[in-house]
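Computed from a predicted model, the values in this text were never measured in an experiment. Order of appearance sets the numbers: ligands from 1, and atoms from 1 within every ligand.
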Amino acid sequence: MIERLAIEGYRSIRSLVVDLAPLTVVTGANGSGKSSLYRALRLLADCGEGRVVASLAAAGGLDAVRWAGPERGSRRGGATEGTVRGGPVSLRLGVATDALGYAIDLGLPVAQRSAFDLDPEIKQEHVFAGTDPRPAGVLVERTRGAARVATNGGWSELARGLHPWASVLDEFAGHAEAAELAGARRMLRGWRFHDAMRTDASAPARHPQVATRAARLDHDGANLAAVLQTAIEAGRDREVARAIDDAFPGSRLRLPMVDGRMRVALEQPRLLRPLDAVELSDGTLQYLLLTAALLSAETPGLIVLNEPERSLHAELVPALAERISRAAGETQVVVVTHHASLAEALGGAAGALRIALEKDAGETVVAGREGLLDQPAWRWPKR
Ligand SMILES: Nc1ncnc2c1ncn2[C@@H]1O[C@H](COP(=O)(O)OP(=O)(O)OP(=O)(O)O)[C@@H](O)[C@H]1O
Ligand SMILES: [Mg+2]
């Protein structure tokens, strides 16, 4: 389970460290930084896929996403200072489970002529034991092109001349000397994100699908029917039936094969035929997509939902909260929402933690924290 998350210099987040619970509900007003936190988690997941540099370039480069305020805090108690940048530009992300952690430091490229100006560089990466990357717990350290592994009482060189866009996780996860790299990559690759799944009239989830087993939902929901059928065949039939009945009493899910393709349909009380996916309301489809994400046959290490209540009618919120709470009993879940009643319903679940974000002098902070001393400990490695 992920215990701690640290973000520095990303969008409205100058410096934020939060502890996560089995179920963490992130709330806050518009513009408080919820999506920034969500996107930071996605960037960390991108590190596990070897595409963090490409993702940042696609977002406009480091200049477009880095914290635009002063380096030092202007938080309560501290005077605004340091409006002129002293240190190097740095975007840092880190995550720690009870066993293993990963931290990355990205910066601007050193001056050189290149057409790839938007590409940031990986300056440092650390894989560590413990809840933050303090020196004593470092297992693998990458500084610019060089990577080394901690051995009994010393270091052993792993690589030299690593490209500034290549993650050590990607390059050396197969290396026998550094099993921790594979562990860190596996952790990051086990995260699933669900954000703004399409429910419009021509949404992929409304189309008939190739019938092939699917243990996880595609980003666009295109394999909805297959994911639900796979979950049912994996023994989750009662849970699926219950999810449907909770939200639409008396209704039953049907996954008929038509012309060799699988479809989603809902049998509803008083209707003479099941309604096909193309006929379902946006909210109904959204609920089915979320059910599939939360009940899929494969249990991911972490599920992150961004504003799952979008296009959901208020009546469906309790059923959604129930699905999320149940999923949190099997795996770790983070929900980002500004829906008060969803946050309320989830906040009361066992093992739930609520993190309320707010803006303070342009900076995202956790409501109720007096200052940096209230943050969980996180010591970034020196560049
Ligand atoms: N580079 C940056 N530096 C400082 N602030 C930024 C930067 N980029 C975006 N912001 C600000 O960060 C704030 C947080 O945006 P974010 O999208 O995370 O909010 P949110 O909590 O998801 O809001 P909503 O509920 O509207 O989706 C916005 O007010 C935005 O203006
Ligand atoms: Mg948002």
Just verifying a value: how many Å separate His339 NE2 and Glu307 CD, rounded to the nearest 0.5 Å? 11.0 Å
From the Mg ion (ligand 2), how many protein N/O/S atoms are found at a distance short of 2.8 Å? 1
Check the angle between the aromatic planes of Trp165 and His163 and answer parallel, tilted or perpendicular using the 30° and 60° thresholds. parallel
Does Arg14 make a cation-pi contact with Trp67, if we ask for NZ or CZ under 6.0 Å from the ring centre and within 45° of the axis? no
Hey, does the side chain of Asp105 reach the backbone of Arg92 with a donor-acceptor pair shorter than 3.5 angstrom? no
Side-chain donor-acceptor contacts of residues 325-333 below 3.5 Å, not counting sequence neighbours, with atom names and distances?
unit_1, atom_1, unit_2, atom_2, d
Ser325, OG, Ala321, O, 2.8
Arg326, NE, Glu322, OE2, 2.8
Arg326, NH2, Glu322, OE2, 3.2
Glu330, OE1, Arg236, NH2, 3.1
Glu330, OE2, Arg236, NH2, 2.5
Thr331, OG1, Pro300, O, 2.6
Thr331, OG1, Gly301, O, 3.1
Gln332, OE1, Ile2, N, 2.7
Gln332, NE2, Ile2, O, 2.9
Gln332, NE2, Ala21, O, 3.0

Sub-3.5 Å pairs, protein N or O with ligand 1 N or O:
unit_1, atom_1, unit_2, atom_2, d
ligand 1, 1 (N), Arg66, O, 2.7
ligand 1, 3 (N), Arg11, O, 3.1
ligand 1, 3 (N), Ala68, N, 2.9
ligand 1, 12 (O), Ser12, OG, 3.3
ligand 1, 17 (O), Arg11, NH2, 3.0
ligand 1, 18 (O), Ser35, N, 3.2
ligand 1, 18 (O), Ser36, N, 2.9
ligand 1, 18 (O), Ser36, OG, 2.8
ligand 1, 19 (O), Gly33, N, 3.4
ligand 1, 21 (O), Ser32, N, 3.2
ligand 1, 21 (O), Ser32, OG, 3.4
ligand 1, 21 (O), Gly33, N, 2.9
ligand 1, 21 (O), Lys34, N, 2.8
ligand 1, 21 (O), Lys34, NZ, 2.9
ligand 1, 22 (O), Ser35, N, 2.8
ligand 1, 22 (O), Ser35, OG, 2.7
ligand 1, 23 (O), Gly31, N, 2.7
ligand 1, 25 (O), Asn30, ND2, 3.0
ligand 1, 25 (O), Lys34, NZ, 2.7
ligand 1, 25 (O), His338, ND1, 3.1
ligand 1, 26 (O), Asn30, ND2, 3.0
ligand 1, 29 (O), Gly31, O, 3.4
ligand 1, 29 (O), Lys359, NZ, 2.9

Linking directly or through intermediates, with side-chain heavy atoms under 4.5 Å: list the remaining ILVMFWY members grouped with Phe128, chain and number order. Val17, Trp378, Trp380
CZ of Arg213: more than 12 outside heavy atoms within 6.0 angstrom? no
Is the closest basic N to carboxylate O distance between Asp220 and Arg198 below 4.0 Å? no
Glu298 with Arg192: basic N within carboxylate O range, under 4.0 Å: yes
